[in-house]
Number of protein chains: 2
Amino acid sequence: MKYSHQTRILVAIDCIVFGFDGEKLKLLLIQRGMEPEKNKWSLMGGFVEPDKSLEVAANVILKDLTGLEGVYLEQLQAFGGINRDPIERTVSLAYFALIDIHQYEKQLSHEHHAEWFETSKIPQLIFDHNEMVEMAKKKLRYKAALHPILFELLPEKFTIPQLQSLYEGIYDSVFDKRNFSRKILSTGLLIKQGDKDKLNSKKGAFYYILDKGKYNANFHAFLNLIPNPDHLQFV
Amino acid sequence: MKYSHQTRILVAIDCIVFGFDGEKLKLLLIQRGMEPEKNKWSLMGGFVEPDKSLEVAANVILKDLTGLEGVYLEQLQAFGGINRDPIERTVSLAYFALIDIHQYEKQLSHEHHAEWFETSKIPQLIFDHNEMVEMAKKKLRYKAALHPILFELLPEKFTIPQLQSLYEGIYDSVFDKRNFSRKILSTGLLIKQGDKDKLNSKKGAFYYILDKGKYNANFHAFLNLIPNPDHLQFV
DNA sequence: ACAAAAGTGTTTACACTACACCCATGT
DNA sequence: ACATGGGTGTAGTGTAAACACTTTTGT
């Protein structure tokens with residue numbers, strides 16, 4: 001039994017993958033493999049197949065096009081303008097992912113010419129993908145101001161100066177390091193390690209790891225992670 | 001030209017309509033007009049037609065089933081489990097709406113047996129609609145803690161005690177009225193009127209209206225609208 | 001006169017900000 | 001020895017919470 005007289009529509013998923021390499025926030029793009037707009041830069045996209053839930057479809061598309069697996073993936077928004085794909089009406093569900101670039105460096109397949117772009121230097125993308133990326137950037141900034149989501153972008157062991165430079169990159173601001181470290185440590189989410197990262201300074205900075213239990217338990221609590229949030233542009 | 005070898009899928013929209021009648025937060029439901037599950041309680045839903053964008057489709061569906069037009073409507077989430085509709089695979093985009101029940105009382109059509117239910121007494125709904133409602137309630141609580149969204153549920157003129165009882169209903173809590181009124185007034189969003197509402201008390205409470213300009217300009221700023229947000233359960 | 005809800009002010013604790021110096025180490 | 005980035009403390013300010021009494025008016 002089926003619903004008769006109803007029009008079925010193509011349903012696609014597009015993944016916006018943010019990565020951090022210790023220096024800058026970057027965006028993963030591939031060269032589109034099919035017409036139209038073949039070889040133009042594009043998000044990782046594909047169609048939802050009948051036997052796959054949205055979650056599964058999103059993970060499979062990401063895996064197939066980039067090799068990435070087991071990363072943080074969250075639904076962003078449905079995009080459904082009538083002519084967003086010139087070939088045929090397609091409703092696209094945008095997802096965004098957060099990864100530590102170095103950790104997934106080996107897993108990342110270059111079969112589809114996946115490349116990292118600085119988020120401030122994103123080329124023209126196909127369809128409405130630039131709009132999706134802008135929305136994802138805003139959502140990331142919004143969410144990161146309240147929840148400790150940016151840890152998804154860091155390696156297991158990281159230093160507070162690394163963390164701060166991540167926040168500073170995302171908000172394109174400079175924060176006071178004394179206040180920043182006090183605020184971050186006061187969340188109780190970080191566990192200090194005995195060893196230091198000596199790559200970025202002579203003195204070396206202590207490594208920290210995330211307290212996974214507290215992270216999961218407190219993820220939805222409101223934290224005040226950035227100074228003067230009202231002065232920043234989010235949405 | 002079309003994408004060949006791809007499966008097209010039914011795309012539906014389901015609208016979660018919250019309303020406030022001055023006393024309680026309520027949810028609008030209708031009795032489903034078609035098989036399967038005919039006559040069971042359901043959200044307002046329909047299929048996305050090929051010539052309608054998602055925004056348009058959501059508004060049309062809401063209008064057709066309830067008569068409501070021009071209300072606050074926001075995309076919530078895509079639901080895409082394989083068997084969420086037993087008849088045929090359907091991806092549903094959930095939207096939620098906020099209205100003042102009295103203001104739309106006359107506009108509300110009862111053609112489809114639309115009825116208001118207290119949000120704490122929601123019957124069993126078809127498919128995954130109960131899950132959608134739960135998510136919408138959480139999102140509303142989350143968003144209302146940070147942004148002045150609840151004004152969408154109030155009439156043009158309202159009193160601070162009314163506003164407080166709305167917040168108290170949504171968070172199932174009791175707030176200190178001195179702190180509440182100070183906090184709300186300090187947002188600068190309210191304009192005091194000369195007249196009073198004398199229905200709910202002998203002394204009467206001054207009416208306020210929303211400063212629309214400031215409301216639109218400040219909507220995305222972070223406001224601290226409820227006490228001790230960290231102690232409340234959101235998500 | 002009394003009941004019922006509106007309205008208002010103060011004190012206290014905590015959180016955020018601004019700000020400057022010492023520390024450890026590699027060169 | 002010096003340059004570089006890491007790490008820490010304090011004072012001042014502002015914001016949020018706890019708390020109780022007076023006002024108005026309908027009955």
Side-chain angles (χ1 to χ4, degrees), chain A residues 22-23 145-146 148 154 157-169 171 173-209 218 221-232, chain B residues 22-23 144-146 148 154 157-169 171 173-208 218 221-232:
Chain A
E23 303 253 317
L146 299 167
L154 288 168
K157 284 166 60 172
F158 53 85
T159 67
I160 290 185
Q162 275 165 22
L163 182 60
Q164 181 168 353
S165 84
L166 171 55
Y167 273 89
E168 290 181 339
Y171 293 103
S173 309
V174 178
F175 302 142
D176 182 278
K177 64 180 175 176
R178 293 159 291 190
N179 294 337
F180 183 83
S181 99
R182 190 187 4 251
K183 189 173 278 198
I184 289 289
L185 291 172
S186 76
T187 64
L189 294 173
L190 300 194
I191 304 170
K192 192 172 188 171
Q193 303 301 104
D195 52 339
K196 284 183 165 186
D197 161 56
K198 315 261 292 187
L199 292 172
N200 298 303
S201 74
K202 293 161 186 169
K203 181 175 179 182
F206 279 106
Y207 281 118
Y208 287 81
I209 61 169
N218 294 358
F222 288 134
L223 301 174
N224 241 348
L225 295 169
I226 59 166
N228 297 317
D230 291 348
H231 301 167
L232 298 168
Chain B
E23 302 255 318
L146 299 167
L154 288 168
K157 283 166 63 175
F158 53 86
T159 67
I160 290 184
Q162 275 166 21
L163 183 61
Q164 180 168 353
S165 86
L166 171 56
Y167 273 88
E168 290 181 338
Y171 293 103
S173 310
V174 177
F175 302 142
D176 182 279
K177 64 179 174 176
R178 293 160 290 190
N179 293 336
F180 183 84
S181 94
R182 179 163 353 104
K183 191 174 277 198
I184 289 289
L185 290 173
S186 77
T187 63
L189 294 173
L190 300 194
I191 303 170
K192 191 172 188 173
Q193 303 302 102
D195 52 338
K196 285 183 166 187
D197 161 56
K198 314 262 292 187
L199 292 171
N200 298 302
S201 76
K202 293 160 186 167
K203 182 175 178 183
F206 279 106
Y207 280 120
Y208 287 80
N218 293 3
F222 288 135
L223 300 176
N224 241 348
L225 296 170
I226 59 166
N228 298 318
D230 290 348
H231 301 165
L232 298 168

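In what follows, chains are A, B, ... by sequence order, proteins preceding strands, each numbered from 1.
- Straight-line distance from the CD atom of B/Glu23 to the P atom of C/dA5: 12 Å, rounded to whole Å.
- Look at CD on B/Gln164: it is 11 Å from C1' on C/dA6, rounded to the nearest Å.
- A/Asp197 meets the side chain to side chain donor-acceptor pair (under 3.5 Å) test with A/Asn200; sequence neighbours excluded.
- Going from atom OG1 of A/Thr159 over to atom CG of A/Leu154 covers 9.0 Å, rounded to the nearest 0.5 Å.
- The CD1 atom of A/Ile160 sits 14 Å away from the C1' atom of D/dG5 (whole-angstrom rounding).
- Distances were taken from every side-chain heavy atom of A/Ala205 (C-beta onward) to each of D/dG7, D/dA16, D/dG9; the shortest belongs to D/dG7.
- Ranking C/dT8, D/dG7, C/dC19 by closeness to the A/Asn179 side chain, first place goes to C/dC19.
- Against DNA chain D, the stretch residues 182-203 of chain B makes heavy-atom approaches under 4.0 Å through B/Arg182, B/Lys183, B/Lys198, B/Lys202, B/Lys203.
- The distance from atom OH of B/Tyr208 to atom P of C/dA6 is 12 Å, rounded to the nearest whole Å.
- Evaluation of the salt bridge (Lys or Arg N to Asp or Glu O under 4.0 Å) rule for A/Arg182 yields no partner, not counting sequence neighbours.
- With sequence neighbours excluded, the residues that form a side chain to side chain donor-acceptor pair (under 3.5 Å) with A/Glu168 are A/Gln164.
- One can place CD of B/Gln162 at 16 Å from C1' of C/dG7, the figure rounded to the nearest angstrom.
- Atom CZ of B/Phe206 is separated from atom C1' of D/dT24 by 11 Å (rounded to the nearest Å).
- Ring orientation note: the planes of B/Tyr171 and B/Phe175 are tilted relative to one another, at an angle of 30° to 60°.
- Proximity note for B/Arg178 (side chain, C-beta onward) versus C/dC19, D/dG6, C/dT8: the nearest is C/dT8.
- When the side chain to side chain donor-acceptor pair (under 3.5 Å) test is applied to A/Lys157, the partners found at least two apart in sequence or on another chain are A/Asp195.
- The distance from atom CZ of A/Phe222 to atom P of C/dA15 is 17 Å, rounded to the nearest whole Å.
- Every residue meeting the side chain to side chain contact (heavy atoms under 4.5 Å, CB included) condition with B/Thr187, not counting sequence neighbours, appears here in chain and number order: B/Leu189, B/Leu223, B/Leu225.
- Considering only side-chain N and O atoms, B/Asn224 lies nowhere under 4.0 angstrom from the phosphate OP1 or OP2 of D/dT15.
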